[in-house]
Amino acid sequence: MSEEVTFWILDVGYEIIASQPYVLLWGISDKNERILVVDSNFRPYFYAVPKETADLDRLKDHISRLHGVLSVDVLTKSFFGKPTTVLKITCNLPTVVPKLRNEVKKIPDIENYLEADIRFYMRYLIDNDIYPCKWYRFKGYSVSGGFWEKYNISKIYLLQSKLEPLERDVSPRLRILAFDIECYNPLGTPDPKKDPVIIISTANSDGEKRQFIAEDNDDKTVLVSFSEYVQQYDPDIIVGYNSNRFDWIYLTERAKVLGVKLIIGRDRGPPHPSVYGHQSIVGRANVDLIDYAESLYEVKVKTLKEVADYLGLLPKEERIILSLVEIYRYWDDKTKRHLLLRYAQEDADATMLLANVALPFAIELSGVVGLPLDQVLAASVGFRVEWYLMRFAYKDGELFPNREERAYATYKGALVFPPKKGIFNNVVYMDFTALYPSLMIKYNIGPDTYVPPFVDVSPENVYVAPEVGHRFLKEPPGLYKKALSVLLEKRKEIRQKLKTLSSDSIEYKTLDVRQKAIKVIANASYGYTGWTGARWYIKAVAEATTAWGRETILRAKQIAEKLGLTVYYGDTDSLFLENISEKINEFTRLVEKELGLEIKPDRIYKVIFFTEAKKRYAGIDDKGKLDVTGFEVVRGDWAEIARDVQEEVFRYVLTEKKPDNAIKYVRDVIKKLKRKEIAFDKLIIWKTLSKSLDEYKTKSAHVTAARYLQRHGYSAPPGSQIGFVIVKGEGKVSERAVPYQFAKYDDIDIDYYISKQIVPVAMRILSVFNVTENQLLEDRQASLADFF
DNA sequence: GCCTTGAAGTTACCG
DNA sequence: ACCGGTAACTTCAAGGCG
């Protein structure tokens with residue numbers, strides 16, 4: 001009866017059957033079957049912290065009698081590194097935990113409750129050391145019929161053993177479905193109460209494409225046939241673009257309005273709102289790829305098309321671009337409808353292609369931090385770090401602090417040295433390997449090793465942070481030290497292994513993505529310590545890390561100077577040094593010896609340029625690649641034409657080391673702009689709406705443009721990017737901003753683009769070469785006169 | 001009332 | 001809902017001048 005099965009975990013959840021909780025593990029077996037593994041033996045619990053004076057036996061007795069309590073155990077755990085006695089209260093159902101924790105807190109002898117907000121299935125994963133998107137072997141027997149009929153799945157097993165982790169790196173072949181919806185929107189942003197879903201486009205990982213179309217604007221059949229298709233194709237992962245905030249919400253609303261059932265999950269149910277603003281689909285992983293796009297900081301405007309272009313996913317030619325205003329017109333015009341259908345299909349195709357890039361990363365991230373695949377991209381960086389830490393805390397018997405609201409607190413951060421203004425040859429960019437994580441490991445910095453002021457410890461037992469004086473126990477190794485050491489060691493190990501693998505093997509790709517996922521978490525760990533929303537927040541922890549960081553970079557700078565190396569610039573963990581290889585080798589050796597940390601050359605610049613501004617430089621590296629940092633070229637809130645001009649100016653100046661051709665070039669662009677020969681799109685300025693429109697205290701261009709959109713029926717929620725142009729007319733610049741979709745080229749204020757976009761970004765560089773503004777603005781006649 | 005100046009508000013970058 | 005440090009823009013109000 002009992003079978004041994006190997007499977008990969010796709011999704012987790014739970015179900016209450018006959019008043020008993022069952023943990024559900026959805027997965028794919030090594031025989032490529034979709035299976036559900038059910039564990040009936042786990043029960044939810046939380047902790048109560050008794051007051052010091054409390055009579056534990058009486059408390060235990062009292063709590064045991066509360067409705068829903070199965071057992072109460074007195075345990076000694078650790079809280080912020082201090083041994084702490086707690087009562088572990090095991091309950092019959094996850095749903096009673098919130099009620100019980102409030103009841104328990106009311107008991108006079110109880111100080112507080114802990115870990116009462118850990119969702120049941122996460123508790124299960126942590127306590128059993130199970131990671132999603134990993135392979136496990138178990139013994140179980142197959143069940144069917146009765147209650148289990150409700151699930152659309154090949155096999156269901158009742159778990160008869162522990163899950164045994166397997167060393168298998170490559171994920172199974174997953175079925176992925178990409179989808180995108182188009183809605184009828186004659187009045188702007190569509191309203192599910194009245195506007196039908198005219199098209200649902202899909203593309204799947206087996207190369208199949210399907211569209212569901214609302215003939216005569218009747219979308220009932222669209223929703224029904226889409227549901228049928230989802231059940232028939234039975235995808236493991238459903239991907240969309242902005243689907244958490246738009247498509248799924250629209251579809252569920254629309255289904256309600258029409259009175260049809262949206263049958264999406266393996267429970268044959270609709271998606272439902274879940275944590276981190278994502279929509280959860282039972283038994284499948286619903287992944288919104290816009291969450292992945294957020295991490296692509298080089299893409300300035302986060303539309304699906306821009307992201308696909310950046311990743312080189314779609315051929316640019318023959319692509320149809322429709323603005324929001326055009327969708328319903330193309331739909332209504334039967335001669336143009338086929339173009340809308342093609343446009344819609346291209347979106348689904350692009351989503352599928354994006355999934356090929358994003359999902360491998362999401363899968364590895366899920367495997368590192370332990371959050372389910374459908375949550376891991378939706379969860380913000382802070383939560384990812386926290387879930388990772390919680391795994392280590394659990395293993396050490398360290399209790400999870402409660403999440404609490406705290407006032408914002410400031411502290412001193414990193415050092416940035418003023419750059420040497422000018423243009424220089426042969427410069428090497430040196431940076432410390434994972435500086436902050438390394439410092440946290442080296443000095444055992446952490447919430448559980450922190451020794452508050454006035455606590456008495458012998459000085460030889462603590463590390464003392466410079467400037468700020470915060471103390472941390474040298475022993476035992478703390479939570480952060482343990483968690484970060486594993487990350488850094490694993491990454492090192494993987495990078496070593498990668499060298500032995502062929503770069504086009506699946507294993508290589510998987511491991512390479514994994515080491516990147518590890519890097520993301522390691523890099524975010526210091527930021528987590530200074531986040532007031534963190535469970536383990538202690539300001540001194542963040543403050544000590546930056547203090548040691550400042551000391552480190554300062555000492556490295558002194559070492560370089562002592563060797564006679566010119567230091568051009570430095571920021572946080574990096575130094576730009578004169579590239580003299582013997583001295584650089586000596587420098588690396590001395591840093592290692594004196595500071596006990598690794599610093600490495602990261603990039604060599606044949607030529608590099610600094611102004612007096614910090615955080616801005618441009619250079620050409622030893623591979624001939626132009627690298628611009630900080631300047632407008634890399635900023636999304638400047639018109640593309642200004643960014644183009646600045647990039648070209650850098651190219652001229654860095655290769656020719658004089659401004660002559662750059663000046664000519666800028667004049668030429670200005671001339672073209674005056675003749676309206678510059679593409680309209682290059683004049684669009686994009687800015688993010690950081691809050692709702694009425695919260696803004698001053699007039700600003702993108703807010704004016706957003707209000708314009710709103711007046712025309714389009715929503716402009718916080719977080720949306722507003723593209724606008726500046727038009728001619730009276731008044732302030734901010735009053736003359738118009739959404740680009742509503743502006744004509746003839747209305748554009750060319751002078752604004754010359755004097756406030758092109759000239760400033762060019763002058764930023766050219767003023768260093770003593771070029772004046774007039775040299776850029778004079779036309780050819782005047783400049784010739786100048787010459788003679 | 002007009003012009004200058006600096007603070008405040010805002011966004012997006014660096015590491 | 002990750003940190004502080006930084007550049008740069010526009011708006012806005014205060015201050016100086018007459």
Side-chain angles (χ1 to χ4, degrees), chain A residues 275-277 294-295 297-298 300-301 378-386 389 403-406 408-419 429-437 520-537 539 541-543 545-547 549-550 553 569-576 602 611-617 627-639 642-643 685-691 695-704 718-719 721-722 726 731-737 752 755-757 760-761 763-764:
Chain A
V275 284
Y276 312 125
E294 299 295 344
S295 68
Y297 58 93
E298 284 137 302
K300 308 299 174 182
V301 186
S380 65
V381 175
F383 289 110
R384 293 178 196 168
V385 172
E386 193 153 80
L389 289 173
R403 189 160 283 298
E404 51 178 292
E405 293 259 341
R406 291 187 194 88
Y408 176 71
T410 58
Y411 62 92
K412 214 167 148 192
L415 272 186
V416 188
F417 302 120
Y429 174 90
M430 309 283 299
D431 72 336
F432 282 98
T433 312
L435 180 63
Y436 285 165
V520 164
I521 299 304
N523 282 348
S525 58
Y526 147 72
Y528 172 82
T529 67
W531 175 37
T532 51
R535 286 178 192 265
W536 276 286
Y537 173 78
K539 190 169 108 167
V541 170
E543 204 164 40
T545 308
T546 56
R550 291 191 297 275
I553 196 65
Y569 174 59
D571 182 348
T572 312
D573 63 345
S574 69
L575 292 172
F576 288 77
D602 183 81
T611 65
E612 57 279 285
K614 295 171 173 181
K615 299 198 181 271
R616 295 186 152 204
Y617 55 86
D627 169 45
V628 180
T629 304
F631 284 104
E632 285 76 5
V633 174
V634 295
R635 291 185 64 101
D637 56 347
W638 284 76
R643 300 166 59 198
I685 299 165
W686 291 88
K687 275 204 166 82
T688 307
L689 220 49
S690 64
K691 46 197 166 191
E695 285 175 88
Y696 281 90
K697 288 178 184 157
T698 51
K699 286 181 181 172
S700 57
H702 69 310
V703 175
T704 304
Q721 288 173 299
I722 310 294
I726 303 299
K732 296 183 168 62
V733 172
S734 62
E735 291 160 354
R736 293 187 278 118
Y752 167 81
S755 66
K756 300 290 178 182
Q757 292 274 330
V761 303
M763 283 304 292
R764 199 101 56 219

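Residue numbering restarts at 1 for every chain, and letters A, B, ... go by the order of the sequence lines. Because the structure is predicted, anything quoted here is derived from the model rather than measured.
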Notebook entry, point to check: Tell me: NZ of A/Lys699 to P of B/dT10, nearest whole Å?
Noted result: 14 Å
Next item on the list: Look at the rings of A/Phe576 and A/Tyr569 and say which category their plane angle falls in: under 30° parallel, 30 to 60° tilted, over 60° perpendicular.
Entry: tilted
Next item on the list: Go through the steps to decide whether A/Trp638 and A/Val633 satisfy the test side-chain contact (heavy atoms from CB on, under 4.5 Å), and finish with yes or no.
Entry: CA-CA 8 Å; A/Trp638 284 76; A/Val633 174; over 6 Å; no
Check: How are the rings of A/Trp531 and A/Phe383 set to each other: parallel, tilted or perpendicular (split at 30° and 60°)?
Finding: perpendicular
Next item on the list: May I ask you to say what A/Val634 touches in the nucleic acid, namely base, sugar-phosphate or nothing, with a heavy-atom cut-off under 4.0 Å?
Entry: sugar-phosphate
Next item on the list: Nearest-nucleotide wise, let me know which of A/Thr698 and A/Gln721 is further upstream toward the 5' end of DNA chain B.
Entry: A/Thr698
Notebook entry, point to check: Do the non-hydrogen side-chain atoms of A/Ile521 and A/Arg384 ever get within less than 4.5 Å of each other?
Noted result: yes
Next item on the list: Just call it for A/Tyr696: base, sugar-phosphate, or nothing, with non-hydrogen atoms closer than 4.0 Å on any strand.
Entry: sugar-phosphate
Note to self: By nearest atom, which of the nucleotides C/dT11, C/dC9, B/dG9 is closest to the A/Lys697 side chain?
What the structure shows: B/dG9
Check: Between A/Arg635 and C/dC9, is there a side-chain N or O to OP1/OP2 distance below 4.0 Å?
Finding: no
Notebook entry, point to check: How is A/Tyr276 classified with respect to the nucleic acid when contacts are heavy atoms under 4.0 Å: base, sugar-phosphate, or nothing?
Noted result: nothing
Margin query: So A/Lys691, base contact, sugar-phosphate only, or nothing? Heavy-atom distance under 4.0 Å.
Written below: sugar-phosphate
Note to self: Just to be sure I understand the rule, does A/Gly636 reach a base, reach only the sugar-phosphate, or reach nothing, if contact means heavy atoms closer than 4.0 Å?
What the structure shows: sugar-phosphate
Notebook entry, point to check: Looking for any heavy atom pair under 4.0 Å, which part of the strands does A/Thr629 touch: base, sugar-phosphate only, or nothing?
Noted result: sugar-phosphate
Check: Short question: side chain of A/Lys687, backbone of A/His702 - any donor-acceptor pair under 3.5 Å?
Finding: no
Notebook entry, point to check: Ignoring hydrogens and geometry, is there a side-chain-to-backbone donor-acceptor pair from A/Lys300 to A/Val634 under 3.5 Å?
Noted result: yes
Find every protein N or O atom lying less than 3.5 Å from an N or O atom of nucleotides 3-6 of chain B, and list the pairs.
none

Next item on the list: Any chance you could lay out the side-chain contact (heavy atoms from CB on, under 4.5 Å) test for A/Leu689 and A/Tyr696, step after step, and finish with the verdict?
Entry: CA-CA 10 Å; A/Leu689 220 49; A/Tyr696 281 90; 4.0 Å; yes
Notebook entry, point to check: Taking CG from A/Asp637 and P from C/dC9, how many angstroms apart are they, rounded to a whole number?
Noted result: 11 Å
Next item on the list: Mind calculating the distance between CH2 (A/Trp638) and C1' (B/dC13) to the nearest angstrom?
Entry: 13 Å
Notebook entry, point to check: Rounded to whole angstroms, how far apart are NE2 on A/His702 and C1' on C/dT11?
Noted result: 13 Å
Item checked: A/Ser734 vs C/dT11: side-chain N/O to OP1/OP2 distance below 4.0 Å -> yes
Note to self: From CD of A/Glu632 over to P of B/dT11, roughly how many Å is that when rounded to an integer?
What the structure shows: 17 Å
Check: To the nearest angstrom, how far is A/Ile685 atom CD1 from B/dT10 atom C1'?
Finding: 15 Å
Checklist line | Summary of protein contacts for nucleotides 1-6 of chain C, nucleotide by nucleotide, where a base hit scores B, a sugar-phosphate-only hit scores S (4.0 Å, heavy atoms) | finding: BBBBBS
Checklist line | A/Lys732 NZ - B/dG9 P separation (whole Å) | finding: 17 Å
Check: C/dC9 C1' sits how many Å from A/Arg736 CZ, rounded?
Finding: 15 Å
Notebook entry, point to check: Is the shortest side-chain N to carboxylate O distance from A/Asp571 to A/Lys615 below 4.0 Å?
Noted result: yes
Item checked: side-chain contact (heavy atoms from CB on, under 4.5 Å), paired with A/Ile553, selected from A/Leu415, A/Thr572, A/Leu435 -> A/Leu415
Notebook entry, point to check: Across the strands shown, which category fits A/Arg764 at heavy-atom distances under 4.0 angstrom: base, sugar-phosphate, nothing?
Noted result: sugar-phosphate
Checklist line | Side-chain heavy-atom pair A/Thr529, A/Trp536 within 4.5 angstrom cut-off | finding: no
